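Worksheet for the structure shown next.
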Amino acid sequence: MVKDIFRVGGVLALLLISVAGAVDPPAPFGPLPTARQLRWHEMEYYGFLHFTVNTFTDKEWGFGDEDPAIFNPTAMDVRQWARVARDAGMKGLIITAKHHDGFCLWPSAYTEHSVKHSPWKDGQGDVVGELAAACREYGLRMGVYLSSWDRNVASYATPEYLTYYRSQLRELLTTYGEIFSVWYDGANGGTGYYGGANEERRIDRKTYYRWPEVHKLVRKFQPMAVMFSDAGPDIRWVGNERGFGSESNYATLKRDELYPGTPRSRELPQGHRDGNYWVPAEADVSIRPGWFYHASEDDRVKSLDQLLEIYYRSVGMGCNLLLNIPPDRRGLIHENDIARLMELRKVLDQTFDEDLARGKPARASNVRGDDPQFGADKLTDGDRNTYWATDDDVREARVSVDLGGPTTFNLVRIQEYIQLGQRIEGFAVGARGDGQWQEIATGTTIGPRRILRFDDVTADRVGVRITASRACPTLSTLEVYQAPAR
Ligand code: FUL
């Protein structure tokens with residue numbers, strides 16, 4: 001009998017637990033990121049390598065008539081590029097396998113206009129292949145930029161060129177192991193050599209390339225690769241080449257209305273609030289004034305302050321940062337660039353070394369179904385895949401963290417649980433010192449990431465007030481840091 005009571009009691013308790021645990025997660029809101037996009041969001045910061053005949057002609061755009069013989073780096077060391085990128089804290093490298101001039105950094109079977117006819121390694125070299133090996137060695141992912149505009153090839157602007165472009169793409173996607181990003185540039189059509197025709201050729205940027213078919217090819221051979229262009233399909237351009245994201249940054253886009261080279265690039269920094277696809281922004285910028293190496297710019301490498309500004313206005317605004325570090329004529333990343341990259345790494349390490357909110361108790365004005373699985377302590381558990389969420393009807397809410405005594409800080413990093421979509425459109429960060437709350441920063445969107453910077457504040461509690469949300473809000477992390485004085 002007693003045994004039975006225990007059994008019944010046990011069943012009841014189990015029932016109760018399962019009822020309590022039965023609080024559903026919030027319904028997804030709007031377009032959601034794919035697995036490949038989620039993986040990309042976590043990369044945050046990676047490098048761009050602009051390197052080709054332009055490095056040797058001192059140009060930014062080659063005409064397409066360059067002699068492959070001019071491509072002759074004297075001390076080429078691709079492993080140095082990967083080592084520098086790894087030491088800089090980058091997670092990958094994207095290389096201009098072919099820029100607008102049409103010269104191929106790999107020995108493509110479809111053209112003679114490549115490293116095959118360069119004195120470098122007696123025509124036996126393969127820059128893309130060497131980079132793929134070096135990236136593997138240094139734990140980096142590799143991406144490829146294959147310019148769709150080709151100023152060298154005779155067939156450009158005819159249907160035949162589409163086969164050529166896709167054949168080259170297939171070569172890159174099937175020869176070098178995993179590719180994490182395929183980069184389609186917006187510059188398309190204009191004057192060029194075109195096999196000796198030396199003329200101007202215009203194409204219809206929207207229809208000529210038959211982009212949907214190109215996309216299918218990439219999905220087939222590299223299903224986890226993200227594709228970048230002004231209009232995605234996976235990642236969009238941030239709309240400027242300064243590396244600056246927008247304060248209001250929607251990860252969503254009406255991508256079918258846009259295409260690479262779209263005249264509507266002014267809409268790209270913010271994205272489309274009512275976009276029907278998840279297409280987050282990537283901020284690309286060069287560490288020097290130009291994309292390619294020019295000795296005349298050796299003393300114009302961006303300053304540490306400029307790079308920090310770029311970091312906080314890109315990564316800090318929910319974009320990924322693609323920082324260009326062009327190899328020089330030796331085939332090396334220049335010393336001045338390396339020095340700056342390492343200064344940046346050092347400051348970022350010092351800044352993000354210790355999360356002052358980690359493991360600290362947190363509370364919220366509302367917790368979804370009062371269920372601990374959506375509790376405020378998910379913000380400080382160091383796991384960006386757990387999250388705090390509210391009841392469905394809530395649009396404004398507060399969370400705060402007890403820092404355990406007066407603590408000085410000047411950065412707060414927050415992110416939404418974007419697996420369920422982007423919801424928040426207004427928030428304020430506050431701090432409580434001497435029993436008084438003061439507002440220290442405000443913002444609109446959060447999405448994949450927001451880092452708020454402010455003057456040093458000393459407080460024992462830090463909080464976020466959600467002031468506007470399009471569905472019940474979620475937050476997966478609330479981190480607090482102290483950046484060293486500069
Ligand atoms: C632009 C190109 O025309 C530049 O040369 C560079 O490659 C940059 C990243 O994109 O549209």
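Positions are given from 1 along the sequence. This is a predicted model, so every value here is computed, not measured.
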Under 6.0 Å between ring centres: does that hold for F48 and W183?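 Aromatic pair counts; centres sit under 6.0 Å.
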In the structure I gave you, are the side-chain heavy atoms of [X] and [Y] within less than 4.5 Å of one another anywhere?
X    : Y    : result
L323 : I287 : yes
R384 : E479 : yes
Y46  : R141 : no
V480 : L411 : no

With the threshold set at 4.0 Å, does a side-chain nitrogen-carboxylate oxygen contact exist between [X] and [Y]?
X    : Y    : value
K346 : E343 : no
R36  : E42  : no
E130 : K121 : yes
R151 : E199 : no
R273 : E425 : yes
E247 : R450 : yes
D230 : R236 : no
R470 : D274 : yes
R345 : D87  : no
R219 : D234 : yes
E335 : R330 : yes

Please confirm whether the backbone N or O of [Y] pairs with a side-chain atom of [X], one donor and one acceptor, at under 3.5 Å?
X    : Y    : value
T262 : S265 : no
R329 : T55  : yes
E297 : G290 : yes

Given the rule in the side-chain contact (heavy atoms from CB on, under 4.5 Å) test, do Y165 and D150 qualify, once you have shown the distances and angles that lead to the verdict? CA-CA 9 Å; Y165 183 73; D150 190 319; over 6 Å; no
Whether [X] and [Y] hold their rings parallel, tilted or perpendicular, with breakpoints at 30° and 60°:
X    : Y    : answer
F56  : F51  : tilted
Y145 : H100 : tilted
W278 : H41  : perpendicular

Return the minimal non-hydrogen interatomic distance between P269 and N249, and the atom names on each side.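 Shortest heavy-atom contact: O-OD1, 3.8 Å.
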Given the ring of Y156, does R201 sit roughly above its face, with NZ or CZ under 6.0 Å from the centre of the six-membered ring and within 45° of the axis?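 No - R201 does not lie over the ring of Y156 by the 6.0 Å and 45° rule.
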Would R255 count as a cation-pi partner of Y277, with NZ or CZ less than 6.0 Å from the six-membered ring centre and within 45° of the ring normal?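 Yes, a cation-pi geometry holds between R255 and Y277.
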Checking E213 now: which residues fulfil salt bridge (charged side-chain N to carboxylate O under 4.0 Å, His left out) with it, not counting sequence neighbours?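 Residues passing salt bridge (charged side-chain N to carboxylate O under 4.0 Å, His left out) with E213: R166, R210.
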Going from CG on L169 to OG on S108, what distance comes out if it is rounded to the nearest 0.5 angstrom?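 Nearest 0.5 Å value for the CG-OG distance: 11.0 Å.
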